[in-house]
Amino acid sequence: HINTIFSDLSGNVWIGTEKGVAKFDKYKQGFITVGINNNSDQGLIDQNVWSFNEDKNNKIYIGTKKDLTVYHPYRNIFSHFYRPEKNEHYLMSIYPETPNKIWLGYDDGLFILNIESSNDYSFTKVEFQENTIDQSIRVYQIKPYKDGKLWIGTRSGLSLIDMETKEYKFYHPSNLSYSIGDGAVKVIYNDLNGNFWFVTNNDGLYKFIVEDEDELFIPFLTNSQIETNSHITSILQTDTNNIWLGTYGEGLKLLDLKKMAITNYTESNGLANNVVYGLLSDEENNIWISTNKGLSKFNPETKTFKNYTTN
């Protein structure tokens, strides 16, 4: 069962599963697996992996069911950072603002990890919505915006927070036109033109634009109806005309932004499974798709799939 998929700056694909990490070397076409190790600097703190990110020093951040593991590629070792209350809390999203200040989205809120050293560090909970600091609100996504701000996608919706002042704006869904839709925000995507796209659980896909200082969320209409709501799990743009959508149960969809048409690719076309979790592209323009039944590589030119399983 694949939870998440990530491509690092060197082009390796990292796959987070319920049984550890599989690192896929595209050049050798093989998997290297990492799990829990008795020697803690040689493995994970928990094998249930939910998120990845990378900082400018090429350190890989791995979010698990029991906090954060950091992989140091040049030393080939792992270090671990635990919240003081050592119970389970899923780490769903990671954003390294600096190598010593990491924003973390857990299943019980938003935290900042300040690191002095591997043994001296602290976690601080951060509010992103009115009167919720004592609540447990799952944070799915942390994505950099501009002007030192971060988008925070959560179970209760969307916030924008200033990294320095911690001031935030929560976007309340409303009946007004161009407000964001209702439901959890699990997907935030920055496209090739710098536009942001959001998926809300109940109302589907939105494109965010700013016009004369007005912030507008444009519901994305396909065939005059909003793209079916919570089915979208991931977004990938490979060229200015096309956006790929991974879905929960409907396979892979290609959204043609010029023709406003959708093409569907499913198991019947060779996809490993119709439940898609993540999408990546490589330098040969293949689409890598993580599914419930392993990894698929899709060639958009030939429209063919090659499937990989970690077995």
For this session: Report the hydrophobic cluster partners of Val139, with the cluster defined as I, L, V, M, F, W, Y residues connected by side-chain heavy atoms closer than 4.5 angstrom, directly or transitively.
Result: Tyr95, Trp103, Leu110, Ile112, Val126, Phe128, Ile137, Ile142, Leu150, Ile152, Ile161, Met163, Tyr168

For this session: Show the numbers, then the answer: is there a side-chain contact (heavy atoms from CB on, under 4.5 Å) between Leu44 and Asn37?
Result: CA-CA 7 Å; Leu44 306 172; Asn37 195 305; over 6 Å; no

For this session: Going by the ring pair (Phe, Tyr, Trp, His ring centres under 6.0 Å) test, name the single residue among Trp151, Trp197, Phe196 that passes it with Phe208.
Result: Trp151

Problem set entry | Residues Thr266 and Glu250: side-chain donor-acceptor under 3.5 angstrom | no

Problem set entry | Donor-acceptor pair, side chain of Arg155 and main chain of Lys186, under 3.5 angstrom | no

Exercise. Got a donor-acceptor contact below 3.5 angstrom from the Asn286 side chain to the Lys297 backbone?
Worked result: no

Exercise. With no hydrogens and no angle check, do the side chains of Asp67 and His80 hold a donor and an acceptor under 3.5 Å apart?
Worked result: no

Exercise. Just by distance, do the side chain of Thr247 and the backbone of Gly251 share a donor-acceptor pair under 3.5 Å?
Worked result: yes

Problem set entry | Note, Val185 side chain near Thr154 side chain (heavy atom, < 4.5 Å) | no

For this session: Using distance alone, with no hydrogens and no angle criterion, decide if Ser79 and His72 have a side-chain donor and acceptor under 3.5 Å apart.
Result: yes

Exercise. Would you call Asp55-Lys101 a salt bridge at under 4.0 Å N-O?
Worked result: no

For this session: Determine yes or no for a side-chain-to-main-chain donor-acceptor pair under 3.5 angstrom, with Asn274 supplying the side chain and Glu267 the backbone.
Result: yes

Seminar exercise, completed: Applying side-chain hydrogen bond (donor to acceptor under 3.5 Å, both in side chains) to Glu215 and not counting sequence neighbours gives Lys169, Tyr171

Problem set entry | Distance-only donor-acceptor check, side chains Tyr90 and Asp108, under 3.5 Å | no

Exercise. Counting N and O atoms only, with roles assigned by atom type, does the side chain of Ser296 sit under 3.5 Å from a partner on the main chain of Asn307, one being a donor and the other an acceptor?
Worked result: no

For this session: Check which hydrophobic residues are tied to Tyr82 through side-chain heavy-atom contacts below 4.5 Å, counting indirect links as well, and list them.
Result: Ile45, Tyr61, Leu68, Val70, Phe81, Leu91, Ile94, Ile102, Leu104, Tyr106, Phe111, Leu113, Ile115, Tyr121, Phe123

Exercise. What pair of heavy atoms forms the shortest contact from Glu127 to Thr132, and how long is it?
Worked result: OE2-N, 3.2 Å

Problem set entry | Heavy-atom pair with the smallest gap, counting every atom of Gln237 and Asn193 | OE1-N, 4.4 Å

